[in-house]
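Counting starts at 1 for both ligands and their atoms, following the listed order.
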Amino acid sequence: MSTTSVSPQALAINGGSPVRASLLPYGRQSVDEADIQAVVEVLRSDWLTTGPKVGEFEEAFAARVGATHAVSFSSGTAALHAAAFAAGLKAGDEAITTPMTFAATANCVLYQSAIPVFADISGDTLNLDPEQIAKSISPKTRAILPVDYAGHPADLTPIMEIAQGHGLIVIEDACHALGAEYGGRRVGSIADMTVFSFHPVKHITTGEGGMVATNNAQFAETLRRFRNHGISSDARQRQSAGQWHYEMVLLGFNYRLPDIVCALGIQQLKRLDANLRRRREIAEQYTAAFREVPGVVLPAVRPGAIPAWHLYPIRLDLEKLTADRAQVFRALRAENIGVSVHYIPVHLHPYYRDRFGFRAGDFPVAEDAYARLISLPMFHGMSDQDVSDVVEAVKKVVGSYGK
Ligand SMILES: Cc1ncc(COP(=O)(O)O)c(C=O)c1O
């Protein structure tokens, strides 16, 4: 008899058997036959890039998020850049945002040669703390860019009040929050401009793609021009001057989202409600399973908020554990659970440190959260077995590192 056999409860990282045979990713798209047919139909049509599907997708999207206008872009990042432009950000201006986000939120401010000013976050939702925003306002502040972290809407009532009091524009980065609601209102209908992403890990996908929703016709027109080289697309003007005539009126980019993938977006949007339902179901299952697990802190949900659950980020109560986040992360990966971390605070990236002199300790709430965060797999295509594998692995790993 072998004396070196490993107990079935041993962690996979220590030579035990993993909970799953193959890796479960943290996020993943769902594409069905109707999606494929819709794309093939466009491929057989006359229009591959800007054709009828662009307007159709934009109209359906605007209606879904409760906005008057929706303007599509080639990515969420391009959409953020366009919103920063439409807000009038320019050299010397400041825009307040959160360090707990993907770098693109702050980068769009830099694209306009303006300065991103970080404000620390609230300890429960990890969204921008309105008190910290208020403290960060200077005579140069022009905009606030809250992020709906993990799909939980930012604290929009106080943020809109602060903005109105100081004449600031609010660009809400809702790349995590398509379908979320705040105080009975839909995300997309509240801020001056709201930005969405259709990256494959999001609630609906076009491969790459993004959208800005707004109720402001002037912003919508600027956004449309900016994504098309700055060309004015006034049809009447073209008619009166001849069909060949167009005018470039501002310096824009080619940020267009092609018909091929707008057709995909139209189909995907039809399943948004089902996708949201499934994500909320998974969140409820996780919450029920981890509520009593020492060492695990659950994501907060504030009264009046209905999150869209792009991510399910747990925080480790490190004081109750013998391992740090890196060790727990590696152990979960060894169990074939594709965990991730959202986010390394933006101010700690070398580019931001070198350019602006940020240091560890500048935003203590965000930094403390970062040391504890682990994003568990969360996507609408997860099966019940996938969910129970995650639950089993988290209990196994966190349990084995309990004090
Ligand atoms: C908060 C946030 N903002 C912006 C983006 C950029 O979106 P995209 O990848 O579509 O350019 C992302 C993408 O993941 C994001 O999570």
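Ligand 1 has Leu80 within reach: a non-hydrogen atom of the residue lies less than 4.0 Å from it. Heavy-atom distances between Ala78 and ligand 1 stay at or above 4.0 Å for every pair. No heavy atom of Phe196 sits closer than 4.0 Å to any atom of ligand 1.
In this structure, Ala308 and His176 approach most closely via the heavy-atom pair CB-O, 4.0 Å. Taking both residues in full, the closest heavy atoms of Thr214 and Asp192 are given as OG1-O, 2.8 Å, listed atom of the first, atom of the second, then distance. The two residues Asp317 and Arg372 make their nearest non-hydrogen contact at CA-NH1, 4.0 Å. For the pair Ala104 and Thr77, the tightest heavy-atom approach, listed with the atom from each and the gap, is CB-OG1, 3.7 Å. Across all their heavy atoms, Leu269 and Phe57 have their closest contact at CD2-CE1, 4.4 Å. Annotation for Ala12 and Ser17: closest pair CB-C, 4.2 Å, computed over non-hydrogen atoms.
Counting atoms of ligand 1 from 1 in the listed order, those under 4.0 Å from a heavy atom of Gly209 are 10 (O). When each atom of ligand 1 is checked for a heavy atom of Thr101 under 4.0 Å away, the hits are 1 (C). Per-residue contacts place Thr105 under 4.0 angstrom from the following atoms of ligand 1 (heavy atoms of the residue considered): 3 (N). Taking a cut-off of under 4.0 Å to the non-hydrogen atoms of Tyr343, the atoms of ligand 1 that pass are 16 (O). Per-residue contacts place Ser75 under 4.0 angstrom from the following atoms of ligand 1 (heavy atoms of the residue considered): 10 (O), 11 (O).
The side-chain contact (heavy atoms from CB on, under 4.5 Å) test with Pro307 singles out one residue from His152, Arg280, Arg302, and that residue is His152. Remark: of the listed residues Lys53, Arg256, Arg227, Arg64, Arg227 is the sole one forming a salt bridge (charged side-chain N to carboxylate O under 4.0 Å, His left out) with Glu58.
Taking only nitrogen or oxygen atoms, main chain and side chain alike, Ala104 does not reach within less than 3.5 Å of ligand 1. Between His199 and ligand 1, no N or O atom pair is found at a separation short of 3.5 Å. Of the polar atoms of Lys202, at least one N or O is found under 3.5 Å from an N or O of ligand 1, judged by distance alone.
At a heavy-atom cutoff of 4.0 Å, ligand 1 is contacted by the side chain of Asp173 but not by its backbone. When non-hydrogen atoms are compared, ligand 1 lies under 4.0 Å from neither the backbone nor the side chain of Val195.
Note that Arg291 lies outside the cation-pi zone of Tyr286, set by a 6.0 Å cut-off to the ring centre and a 45° limit from the axis.
Residues Arg20 and Asp389 are paired through a salt bridge, judged by an N-O separation under 4.0 Å between the basic side chain and the carboxylate.
Atom 12 (C) of ligand 1 has its nearest heavy-atom neighbour, among Phe73, Phe102, Tyr149, in Phe102.
Counting only heavy atoms of the protein, atom 6 (C) of ligand 1 lies nearest to Thr77 OG1, 3.4 Å. With hydrogens left out, the protein atom closest to atom 16 (O) of ligand 1 is His176 NE2, 2.9 Å, a heavy atom. Here the heavy atom of the protein found nearest to atom 9 (O) of ligand 1 is Ser197 OG, 4.1 Å.
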### Message
ring pair (Phe, Tyr, Trp, His ring centres under 6.0 Å) for Phe198 and His203? Distances and angles first, verdict last.
### Response
CA-CA 7 Å; Phe198 308 131; His203 306 80; over 10 Å; no

